[in-house]
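Accompanying notes for the structure given below.
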Amino acid sequence: MIVNRIHLIGLVLLSLSTLGADRPRRLPAVEKPTGAESSTETTAMVTQDFDRALLRSLAQLQHASIADPPASPSVTQGVSRSVGSTSPMPSQSRPSTSHRVDEFTVALERYHQPQAARSLSGLPTTDANLPDVPLELFDHDLVPAAPVAEHTSRTEHTRYTEHTPLAERLSAPLQVEPAPMVLHNHSMDFSPMPVDPAACYHDGGREAWVYDAKQDVPTQHPWVEWGRVWYGDGITPRGRDLFGPMNLVRPKFYVYGDVRSGIQSGRNAGGRADNWANRLNLDMDLQITDTERFHAFVGPLDKQNRFTRWELVDGDLRYRNEMNLTPATAFFEGDLGVMLGALGNQSSPFELPISAGLMPLLFQNGIWMEDAVSGIAFAIPAKHSRLLNWANFDVSFFAVFDQLNSPAFADNSDAQAFGTAWFIEAYGGYIETGYAYLNHRNDDSLSYHNATFSFTRRYLDRISNSVRVIVNAGQDRAGADRTADGGLLLVENSWITAAPLTVVPYANFFYGWDRPQSVARAGISGGILRNTGINFDTDGLNGFATLDTSAADTAGGSVGVDLIGDDLDRQLLLELTYLTTHGDRALARGDQYAIGARYQFPISNATLLRFDVMHGWREGEDDVYGTRMEYRWKF
């Protein structure tokens, strides 16, 4: 019987202790700012439902303890002494647990009974019988409505508790007021976070604002726009089932590109260059399905890297007509997995993008390869490797049969190329690597291997760094007669400033030995050092002056700063460049220096103006220099 009552008593104490257990850890106290108005809206902690539930539980406890005799006066006195005194109670006068609970039960019943005979006067009247409620509670969530005011001191509170009957103190309804919101401490992980009630308010009008606040963005449409509208609105119409329901035909045909017109005065490595040149780039795109298309590119105003122009030669103004309608590219591309899946009336069972024809190939920002070649290519995209700890990688394979341009060969029909290029996200950075074998059709001694590797990542959240290396080997000729051997090391760096989008200092360095070559490089794309700095970068129109871009037995670098407008609407580049020779196979005759600048800004959403200026000092050769202005219209 006593064991059962002990269990019931433990259950009641556990229930009472859960009243303040809504948070596993108490957050630090937050003092209300001086002068802040206290909230008048409070919530009663004890409700009528709570009273009724508590009375039922106490009645059950009282009924369970009727069989035991009432406590003797000595026991009652012992209880009072044990609660109010700090000295230990003698073991011979220690009461049983059931008797102490019965006394507390009777007191609570008298408090809750409305009859006058069982008034509150029977309860203890001072703190000599019950311990004080810790004042720290009043600094957190529980705030009594009265008589303890908001700024009551600890002394005043002690005086109040010592001279106020407990019945009066219990009769004052306790109120619950939400504590001020505090920021989450990172050291208190997995603890509940206080929520501002205002944050729970939902306004349906806010969702409509996202769409109401939108406005049209000026978009330059293609010259020719047949079929679906370029960046049109609304739902696109359903396609036609010609190749299967999983690869619907949605035909469209676009002709787009840009017009470039530039005026230059200066001197490049070939001599004086004063001209007004014009260039028209036309891309023609016939899309059949969402993954298959035919594409072609033609430059009607250029032929063999020369552009239709007016030029000043020895004081005479001459017109050069370089018009040509021969396509520079013409190829098909699509996804073989989608096409085969559609024939079997199913979605794509795998992904295998393919291209075939006279197609452009560009790898490593055009450093390792930048040319339009005749061949085929396919890729295996979006893979990962747990074994090698590669988060994502793509693999491309290509075979070039004709139209391969390279200084290593006399003609663009002399060689073929077979190779692969890998793009890997791993080890906190980005890896690009590749290999190609270039086979000369008629002279095996000129065939060679071309390999590359690069790693790009950010260090210390301040430096973006890329390290690239290209190595050529395998030509079976005397050293002086080799056209592709040796290699090139490129180190590119940019500094991340406090304004990372508008102020970008950079420093790029290179070291070349013997005669390094790209796999394929169109003449109009410039030399292998094109991306090292603007003093190595050709303009692709007027023949603007540059330093030596071959990297043959040379070393050097460019240091500059890229300044972009606050609205990303203009750009200013300032750069210093140095180059020196270190071997007997260098094309440059000595040290070279240059200073250059570029400024460009948009006139509209489709047009811009660009200005370039540079001066280069070349040891053992004539200096190079020039100024130019270019107008460009994109459509």
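Every value quoted in this text rests on a predicted model; they were computed, and no experiment measured them.
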Measuring from atom [atom1] of [X] to atom [atom2] of [Y], what distance do you get when rounded to the nearest 0.5 angstrom?
X    : Y    : atom1 : atom2 : answer
R441 : F401 : CZ    : CZ    : 9.5 Å
N247 : T289 : CG    : OG1   : 4.0 Å
E370 : N531 : CD    : CG    : 8.0 Å
T291 : L336 : OG1   : CG    : 10.0 Å
K383 : F393 : NZ    : CZ    : 8.0 Å
R260 : N542 : CZ    : CG    : 8.0 Å

Side chains of [X] and [Y], donor plus acceptor under 3.5 Å:
X    : Y    : result
W390 : Y427 : yes
Q517 : N450 : no
S558 : T577 : yes
N275 : R309 : no
E225 : Y256 : no

Measure from the side-chain N and O atoms of [X] to the backbone N and O of [Y], and report whether any donor-acceptor pair falls under 3.5 Å.
X    : Y    : answer
T452 : V469 : yes
Q264 : A273 : yes
R477 : R482 : no
T308 : E322 : yes
T420 : S396 : yes
Q600 : R610 : no
R618 : D548 : no
E292 : D335 : yes
N493 : S466 : no
R279 : G540 : yes

Considering the options D481, D553, D485, which one meets the salt bridge (charged side-chain N to carboxylate O under 4.0 Å, His left out) requirement together with R585?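 By the salt bridge (charged side-chain N to carboxylate O under 4.0 Å, His left out) criterion, R585 pairs with just one of D481, D553, D485: D485.
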Evaluation steps, salt bridge (Lys or Arg N to Asp or Glu O under 4.0 Å), between R228 and D290: CA-CA 12 Å; R228 295 163 60 185; D290 290 341; 3.6 Å; yes
Please give me the minimum heavy-atom distance between D371 and V373, naming the atom from each residue.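 So the two residues come closest at OD2-CG1, 3.7 Å.
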Which atoms form the tightest heavy-atom contact between S348 and G337, and what is the distance?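 Looking at all heavy atoms of both residues, the shortest contact is OG-C, 3.5 Å.
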Answer yes when [X] and [Y] have at least one side-chain N-carboxylate O distance shorter than 4.0 Å, and no when they do not.
X    : Y    : result
D539 : R632 : no
D537 : R530 : yes
E619 : R589 : no
E432 : R468 : yes
D622 : R267 : yes
D612 : R598 : yes

Residues that A296 engages under side chain to side chain contact (heavy atoms under 4.5 Å, CB included), provided they are two or more places apart: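 For A296 the side chain to side chain contact (heavy atoms under 4.5 Å, CB included) partners, ignoring immediate neighbours, are M284, A330.
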Tell me whether [X] at atom [atom1] has more than 12 heavy atoms from other residues, nucleotides or ligands lying less than 6.0 Å away.
X    : atom1 : answer
D623 : CG    : yes
W276 : CH2   : no
D569 : CG    : yes

Flag the pair F601 / Y599 as yes when their ring centroid distance falls below 6.0 Å, and as no otherwise.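 When the ring centroids of F601 and Y599 are compared, they turn out to be within the sub-6.0 Å range.
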Test log, rule side chain to side chain contact (heavy atoms under 4.5 Å, CB included), inputs R515 and L587: CA-CA 10 Å; R515 293 287 182 88; L587 300 181; 3.5 Å; yes
Should [X] and [Y] count as side-chain neighbours, where that means a heavy-atom distance under 4.5 Å?
X    : Y    : answer
F635 : L282 : yes
P505 : T497 : yes
R272 : D274 : yes

Decide side chain to side chain contact (heavy atoms under 4.5 Å, CB included) for F409 and T483; before the verdict, give the C-alpha distance in whole Å, the side-chain angles of both, and the deciding distance to 0.1 Å. CA-CA 8 Å; F409 308 109; T483 58; 5.6 Å; no
Quick check on ring-ring contact (aromatic ring centres under 6.0 Å, His included): which of F332, Y254, F253 does F294 satisfy it with?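 By the ring-ring contact (aromatic ring centres under 6.0 Å, His included) criterion, F294 pairs with just one of F332, Y254, F253: F332.
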